[in-house]
2 protein chains.
Amino acid sequence: MIRIIIAEDQRMLRGALGSLLNMEDDIEVIEEVGNGEEAYNTVINLEPDVCLLDIEMPIKSGLEVAEDLMRIGSPSKIIILTTFARPGYFKRAVNAGVHGYVLKDGSSDELAEAIRNVMKGKREYAPELVFGSLQGDNPLTEREKEVLRLVAEGKTAKEISQELYLSSGTVRNYISEAINKLNVKNRIEAIAVAKEKGWM
Amino acid sequence: MIRIIIAEDQRMLRGALGSLLNMEDDIEVIEEVGNGEEAYNTVINLEPDVCLLDIEMPIKSGLEVAEDLMRIGSPSKIIILTTFARPGYFKRAVNAGVHGYVLKDGSSDELAEAIRNVMKGKREYAPELVFGSLQGDNPLTEREKEVLRLVAEGKTAKEISQELYLSSGTVRNYISEAINKLNVKNRIEAIAVAKEKGWM
DNA sequence: GAACAATTATGACAAATGTCATCACATATT
DNA sequence: AATATGTGATGACATTTGTCATAATTGTTC
């Protein structure tokens with residue numbers, strides 16, 4: 001019997017997946033949680049065979065949870081389950097060492113199969129991501145990302161400079177660099193592109 | 001037996017909900033579709049008792065489908081099923097005359113209950129939305145919304161003016177008006193607020 | 001018919017944004 | 001030692017953005 005936990009913030013999907021996976025003869029859903037923090041604690045306490053992690057969750061993202069769990073050497077297998085086919089997310093997940101990366105665009109049967117395969121020691125990566133990730137590394141530096149995140153909240157250069165203890169000119173330089181690297185024409189497009197690629 | 005169709009673009013949720021609802025003794029899922037156009041055609045062809053509609057779908061949004069179906073006097077009951085607790089969406093749905101508005105934050109059992117209630121002639125509206133919608137009408141005019149949508153794509157005032165055959169000064173006036181009405185400080189925040197409230 | 005809102009425009013102004021060159025410093029890499 | 005990269009800064013400049021006053025036109029409502 002494969003013992004799994006599901007971490008997914010959308011209650012309806014979480015419940016539905018839980019019910020369906022529980023009907024499989026060889027799978028047992030031992031816990032369902034709705035945010036990253038609970039996910040982390042539950043994996044440590046219950047040591048499930050497999051942990052399904054959504055990426056965009058409150059408190060802590062699934063990627064952070066995966067990174068933290070791998071770092072402390074958790075024995076549970078981790079499968080990222082997400083809508084987002086973003087190369088940046090995928091790369092980060094693979095880097096962290098997750099055992100699977102499955103898109104919500106598939107069926108729940110495929111998910112069950114992925115769980116079984118991972119238990120057999122295989123890695124299950126969504127094929128469309130494997131190709132896509134061969135090209136296009138995140139060109140943004142840590143500082144540029146940080147600034148861009150604040151820009152995305154609608155903050156002005158001056159506000160950002162105060163928040164990060166920089167001169168406003170420096171902030172503008174970072175934004176300008178980001179616009180240049182992302183090959184777009186203004187901050188709004190920069191935000192859009194960075195988000196789409198999973199580079200924020 | 002209640003005959004229903006499910007229109008939802010996320011395959012995993014669609015499949016999972018389909019399986020679960022089909023297990024209910026009194027519900028039969030006769031069709032599942034993944035976009036608004038198919039949803040519209042399928043309702044007309046199959047005349048289900050109930051049609052579950054996601055809002056954000058390709059080609060045609062669930063709100064548009066609901067409006068079109070009500071306009072031609074379709075006998076099928078319509079339930080909007082969405083993540084978004086946005087007053088703007090809710091109001092538009094109620095205005096169109098939908099029979100239910102259920103959030104994906106609930107359980108699939110609640111959804112099944114909502115379906116049964118709607119079949120009994122009741123209306124099923126997520127309670128948090130009913131209160132929320134008492135205040136806060138969309139203050140933006142048609143033109144302001146249109147301009148804001150283009151701003152959200154990262155277009156400059158000049159580009160928008162060319163696209164809409166306006167002077168760039170006029171475009172700036174509209175954006176300025178929107179910023180003022182939404183009580184924010186720049187276009188980026190205006191986009192965020194308008195999206196959050198469902199006013200775009 | 002008067003009042004009102006929506007659409008469109010212009011001109012003027014201040015503030016924010018984006019670009020560029022250029023510099024300094026620290027830390028890796030070769 | 002030389003080179004490259006990331007961080008941080010300054011100054012100058014052109015462009016864009018945001019604000020405000022003002023006004024013509026149209027359609028709707030009282």
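Naming convention: chains lettered A, B, ... in sequence-line order (proteins, then strands); numbering from 1 in each chain. Excluded from the calculations below are hydrogen atoms, water molecules and symmetry mates; all remaining heavy atoms, backbone and side chain alike, are included.
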Please check the phosphate of dA9(D) (OP1 and OP2 only) for any side-chain N or O of T170(A) closer than 4.0 Å.
yes
Tabulate protein N/O versus nucleotide N/O from nucleotides 23-30 of chain D, keeping only pairs under 3.5 Å, one per line.
none

From the candidates dT7(D), dT17(D), dT8(C), the one with an atom nearest any side-chain atom of T156(B) is dT17(D)
Looking at Y174(B), I'd like to know whether one of its side-chain N or O atoms comes within less than 4.0 Å of OP1 or OP2 on dT8(C).
yes
Distances under 3.5 Å between nitrogen or oxygen atoms of protein and nucleotides 11-14 of chain C:
none

Crowded around K197(A) NZ? As in, over 12 foreign heavy atoms under 6.0 Å?
no
As a test of understanding, state which of F90(B), Y89(B), F84(B) forms a ring pair (Phe, Tyr, Trp, His ring centres under 6.0 Å) with Y101(B).
F90(B)
Which nucleotide in the set dA9(D), dT7(D), dT7(C) lies at the smallest distance from any side-chain heavy atom of T141(A)?
dT7(D)
Evaluate the criterion side chain to side chain contact (heavy atoms under 4.5 Å, CB included) for residue pair Q10(B) and L13(A); output intermediate values, then yes/no.
CA-CA 10 Å; Q10(B) 192 154 84; L13(A) 181 60; 4.0 Å; yes
After noting the C-alpha distance and the side-chain angles of T141(A) and K181(A), does the key distance pass the side chain to side chain contact (heavy atoms under 4.5 Å, CB included) rule?
CA-CA 10 Å; T141(A) 68; K181(A) 284 179 176 174; 3.8 Å; yes
Using a heavy-atom distance cut-off of less than 4.0 Å, which residues of residues 175-187 of chain A contact DNA chain C?
I175(A), S176(A), I179(A), N186(A), R187(A)
Can you tell me if S168(B) touches the phosphate of dT16(D), counting only side-chain N or O atoms and a distance under 4.0 Å to OP1 or OP2?
no
